[in-house]
Amino acid sequence: MTELNTHDNITEKWFLLTPKETEEKLQSSLTEGLSSSESLTRLEKYGPNELQAGKKTPRWLVFLQQFQDPLIYILIVSAIISAVAEHGGHDWIVIAVIIFLNAIIGFFQEGKADKAIEALKNYSAPDAQVIRDGKEISIKARELVPGDIIVIHEGDMIPADGRIFEEKNLKAEEAALTGESVPVNKNINIIEDPECPLAEHKNMLFSSTLATYGRGKVIITETGMQTEVGKIATMISQAEVKLTPLQKNLEDFGKWLGLVILFICAVVFLLYWLLGGEPWLKALLSGVALAVAAIPEGLPAVVTVCLAIGVTRMSNRNAIVKKLHSVETLGCTTVICSDKTGTLTKNEMTVRAIWTGGKMYEVSGSGYEPEGKITLADQEVSVANIPDLEMTLRIGILCNDARINQDEKTGKWNTFGDPTEGCLVTSAWKAGMEPKSTNDKFPRIDEIPFDSTRKRMSSVNEINGKKMALIKGATEIILDFCKNIQSDGIIRPITNEDKNQIIKAYEQKASEALRGLGFAFREAEGIPVEIEELEKDLTFVGMQFMIDPPRDEVKVAMQECKDAGIGVKMITGDNLITATAIAVELGMIEKGEITHEGKDIPNMTDEDIEKCKVYARVSPEHKQNIVKALQNRQQIVAMTGDGVNDAPALKNANVGVAMGITGTDVSKEAAVMVLADDNFATIVHAVEEGRGIYDNIKKFIQYLLSSNIMEVLVLLIAAILTLPPPLVATQLLWINLVTDGAPALALGYDPYDPTLMKQQPRPYNEPILTKNFVIQMFFRGGVKTIVILGIFLLYIYPTALQPTEMHYEDLVYLYENVDGIAETLGATVEGLSDLELLVIKYEDHSTLSLLSSQELLLDRYVMWHARSVCFLAMMFGEMANAFNCRSEYSSLFKIGLFTNKIMLYAVGISTILTIALYIPGSPLGLIFKVIPMPFLEWLWLIPMIIIVIGSVELMKLFYRKKLNL
Ligand code: ATP
């Protein structure tokens with residue numbers, strides 16, 4: 001095999017070659033395509049058809065970026081102050097380690113979130129229709145290789161560069177490459193000028209551009225980075241990573257918090273220095289402890305993880321979210337504007353009746369299987385003897401791009417292409433018109449494709465040696481272009497009476513929720529194939545009526561929307577009567593409720609538009625009007641769409657939703673969410689997920705911030721009372737990151753509140769820190785503060801604390817418990833704080849009476865002991881509070897103590913880590929300045945847990961009464 005020219009240093013000027021030459025050069029076949037084994041070899045050789053994203057941020061920079069946060073700056077300064085102020089102390093090391101740990105966690109979490117999004121991107125990556133081994137199949141666009149033959153339809157994103165060798169009215173929008181947004185007409189003609197600029201390469205299609213009209217076949221010449229867009233890929237800046245409103249909200253909050261912290265730190269410093277008479281450096285250390293306490297170190301990582309969890313969870317429910325942002329917006333959706341066909345209905349069309357020559361025929365059978373009879377008044381008819389019927393069915397099968405075939409394994413009949421057209425193939429086949437032979441007998445010469453603005457399609461076929469235009473489309477529109485009617489095989493001018501009869505029959509069927517298409521024809525000899533010329537002076541011949549049953553799950557979803565305060569609008573291209581009948585069937589509207597056609601929209605006020613629930617015969621630009629009007633009325637709009645022309649409406653809606661199965665690449669590109677199953681119910685599930693995720697994020701923000709408030713209050717009140725700080729900086733860091741970390745994440749996984757979809761949508765701009773939220777935060781934090789300060793006071797001012805008595809017992813106790821610690825530290829006595837040195841000194845001198853600094857040691861010990869108890873109580877208080885935070889208003893006992901399994905594991909882990917601190921001789925204990933305690937003192941946990949849970953239960957009860965919940 002000779003080497004292909006493509007992908008070598010000199011790229012071929014493909015536009016100079018004929019299709020045949022291109023085929024030879026690429027060693028492919030225009031009719032059969034490549035073989036699957038050859039395509040695999042080429043894939044191996046040329047690599048996947050992918051654009052390597054522009055310059056990626058190097059990993060080390062991503063790591064450094066983790067430190068870019070005002071709160072982290074405060075922590076770094078705190079570490080420096082600790083290092084300077086505490087000669088030989090190791091607090092600064094702990095703070096530094098924790099800053100690093102935090103950065104490492106953030107770094108990995110960010111990577112994880114990126115991966116989740118990346119995986120979803122792959123999932124929604126475009127497919128390509130390719131011909132391989134002579135068969136048309138669908139593959140992922142990244143598997144394309146040079147020499148592949150691909151089929152392009154309107155709305156496709158072009159997956160690679162290629163030479164066009166067959167086309168019908170093909171137009172492409174190449175703005176991504178040339179900057180020109182007006183679609184260019186494409187053709188297959190050879191270009192002779194080798195210097196012809198890219199924008200003039202009309203016989204080529206280029207990767208990343210869009211087919212906006214028509215269809216065509218292309219032989220792939222270049223893939224991946226060798227494509228035109230690949231060559232400039234490095235110039236295309238990567239999409240800027242935008243912060244979600246929530247992240248922005250938190251970032252602003254972080255900045256604000258930073259300022260507040262600096263202010264409170266200054267107050268605490270002054271209190272200790274001026275009022276407490278402490279040396280300034282020591283006073284500064286107390287300020288540092290407060291800074292450490294107030295900063296919610298774990299928060300940003302948990303938010304990112306929670307959003308990523310949400311995105312994955314949604315994809316499991318068939319909603320592919322392309323941007324984290326939309327998770328939050330989805331939760332606030334107040335109106336869903338949905339297409340009808342395929343979204344509210346199954347898009348499994350079956351022709352049930354045919355009207356022609358003044359008679360209504362019935363069609364039996366189900367699905368796309370070509371088995372069934374055509375009857376008139378229960379008598380089977382012979383179509384060959386009824387020319388009107390024959391012509392109606394013939395137009396249906398010829399003016400058609402769909403195929404039907406039987407699955408070899410299941411035996412089920414399926415349609416490929418538009419189901420509206422698929423069912424017309426079936427109905428004709430039932431009458432004996434086999435698709436292949438019919439198409440061979442009456443070959444297609446030309447066509448004007450269907451588009452949802454014109455609502456019709458035309459093909460030009462050769463019928464019995466004559467060029468005939470065959471037209472099908474929305475009945476009333478076809479009727480407008482008809483001059484004649486064929487009845488009993490005779491063509492005569494159409495009268496108003498005929499028209500009335502047709503409309504009556506049409507409306508009758510439409511009110512039964514059937515969708516009706518009209519069929520017409522004309523001789524086309526010598527008439528240009530242009531819309532204005534071809535689609536006029538037609539002869540009306542008949543109508544076919546098809547059912548498209550509503551999806552079963554949509555009724556339930558409608559009710560859910562009602563309960564959740566979400567309005568639903570049907571926005572369809574279909575006829576008003578059919579649309580209304582289906583809306584009534586789905587429970588969207590009452591019989592007789594007002595509905596509108598798209599053409600009414602320009603004359604309606606925003607308020608009227610907001611009220612109406614069904615819009616029929618809508619064109620894509622009407623969709624934009626509806627979005628705008630609803631947004632003017634402060635609604636948050638989710639809008640579905642599938643066609644090329646829907647893209648602007650999808651972009652303008654708050655949540656643009658594209659159809660995964662029937663949607664064009666263009667609509668998928670414009671949307672922020674893609675429905676893998678095209679199902680309306682999936683949108684409702686996604687809204688539920690959006691609400692749930694936001695709710696969970698609120699839960700752990702409440703949890704983490706109420707913990708910070710408690711810490712700040714404890715330190716601040718102690719400073720005001722000129723007491724020593726009840727906890728030291730490293731202990732607070734441990735709580736913020738270690739004790740709080742796992743339960744906070746578990747809150748991200750909390751099962752959603754069952755009443756979530758019974759609540760009204762959350763206002764879009766509602767800040768997280770609402771009045772109620774802040775009150776709750778202070779309440780939760782306040783209660784714990786009181787308990788902690790109580791314990792602290794009890795321990796540092798015990799009435800029994802008479803130096804002589806306590807002295808001996810305490811020292812003995814200390815001696816017994818610090819044995820292991822002293823041993824571990826024996827080798828590194830240098831650099832230890834004086835307390836630890838004293839302990840070791842104490843061990844060196846074997847009798848107590850020899851210890852010169854007994855008083856000091858006792859004093860230190862009491863403080864150390866008091867802090868150890870406070871620290872322990874605080875950690876368990878935190879764990880209890882994590883359970884409390886699972887619901888804003890519902891009782892914990894109602895939602896169930898054990899319903900969040902991950903929470904149980906998280907609390908288990910935090911408990912084990914806590915116990916690890918208190919094991920006699922634990923080096924961790926020494927670092928975090930805790931001493932082991934006798935079993936009885938552990939019982940402090942019980943009142944702490946009871947008070948924390950009991951008080952919040954009472955608060956929730958109060959709110960439930962107040963808010964009537
Ligand atoms: P929805 O907008 O809810 O998806 P729809 O399929 O009715 O529903 P469009 O695809 O915009 O919306 O079609 C508009 C109208 O055009 C249809 O109601 C039908 O009368 C007509 N139509 C649909 N498909 C075809 C087709 N393939 N050929 C000719 N006419 C069609």
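The structure displayed is predicted, hence computed values, not measured ones.
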Ignoring hydrogens and angles, state whether a donor on the side chain of Thr770 or Asn772 is under 3.5 Å from an acceptor on the partner side chain.
no

Donor-acceptor pair, Arg551 side chain versus Ala681 backbone, under 3.5 Å?
no

So do the side chains of Val327 and Met314 get within less than 4.5 Å of each other, counting heavy atoms only?
yes

Under 3.5 Å donor-acceptor, Asp740 side chain and Ser707 backbone
no

Taking C-beta and beyond as the side chain, do Asn736 and Glu711 meet within less than 4.5 Å on heavy atoms?
yes

Keeping Gln66 on the side-chain end and Val62 on the backbone end, is there a donor-acceptor pair under 3.5 Å?
yes

Taking the six-membered ring of Phe898 as reference, does the NZ or CZ atom of Arg886 fall below 6.0 Å from its centre and within a 45° cone about the axis?
no

For residues Asp606 and Asn632, is any side-chain donor paired with an opposing acceptor at under 3.5 Å?
yes

How far apart are the closest heavy atoms of Gly641 and Leu650, and which atoms are they?
N-CD2, 3.7 Å

Could you check whether Lys140 pairs with Asp127 (Lys NZ or Arg NE/NH1/NH2 to Asp/Glu carboxylate O, under 4.0 Å)?
yes

For the backbone of Val948 and the side chain of Lys784, can you confirm whether one donor and one acceptor N or O come within less than 3.5 Å of each other?
no

Closest non-hydrogen atoms of Tyr694 and Glu766, given as atom of the first, atom of the second and distance, are OH-O, 4.0 Å

How far apart are the closest heavy atoms of Ala906 and Ala746, and which atoms are they?
CB-CB, 3.9 Å

Just wondering, more than 12 heavy atoms not from Phe778 lying within 6.0 Å of its CZ?
no

Could Asp339 and Lys623 be called an ion pair, given the rule that one side-chain N must be under 4.0 Å from one carboxylate O?
yes

Donor-acceptor side-chain pairing of Lys628 and Asn625 below 3.5 angstrom
no

Taking atom CD1 of Ile709 and atom CG of Leu704, what is their separation to the nearest 0.5 Å?
11.5 Å

Glu878 versus Thr739, side-chain donor and acceptor atoms under 3.5 Å
no

If every non-hydrogen atom of Ser706 is compared with every non-hydrogen atom of Arg780, which pair is closest and at what distance?
CB-CB, 3.9 Å

Exercise: identify the closest heavy-atom pair between Asp548 and Asn347
OD1-N, 2.7 Å

Might you point out which heavy atoms bring Ile895 and Ser890 nearest each other, and give the distance in Å?
CG2-CB, 4.1 Å

Ignoring hydrogens and angles, tell me if any N or O in the side chain of Asp678 forms a donor-acceptor pair with the backbone of Ile661 under 3.5 Å.
yes

Would you say the side-chain atoms of Asp646 pair up with the backbone N or O of Asp642, donor to acceptor, closer than 3.5 Å?
yes

Whether Lys340 and Asp574 form a salt bridge (side-chain N of Lys/Arg under 4.0 Å from carboxylate O of Asp/Glu) is what I want to check.
yes

Counting only N and O atoms by type, is there a donor-acceptor contact under 3.5 Å from the side chain of Glu689 to the main-chain atoms of Arg317?
no

Determine whether the side chains of Thr664 and Ser667 contain a donor N or O and an acceptor N or O closer than 3.5 Å.
yes

Test Gln635 against every option in Ile566, Thr333, Thr334, Val627 by the side-chain contact (heavy atoms from CB on, under 4.5 Å) rule and name the one that passes.
Thr334

List the steps and the verdict of ring-ring contact (aromatic ring centres under 6.0 Å, His included) for Phe67 and Phe100.
CA-CA 9 Å; Phe67 296 95; Phe100 266 95; 5.5 Å; yes

Can any side-chain N or O of Asp563 pair as donor or acceptor with the backbone N or O of Met757 at less than 3.5 Å?
no

Taking Phe893's backbone N and O only, do any of them form a donor-acceptor pair with Ser891's side chain (distance below 3.5 Å, no angle check)?
yes

Would you say Asn900's side chain and Met903's backbone share a donor-acceptor pair under 3.5 angstrom?
yes

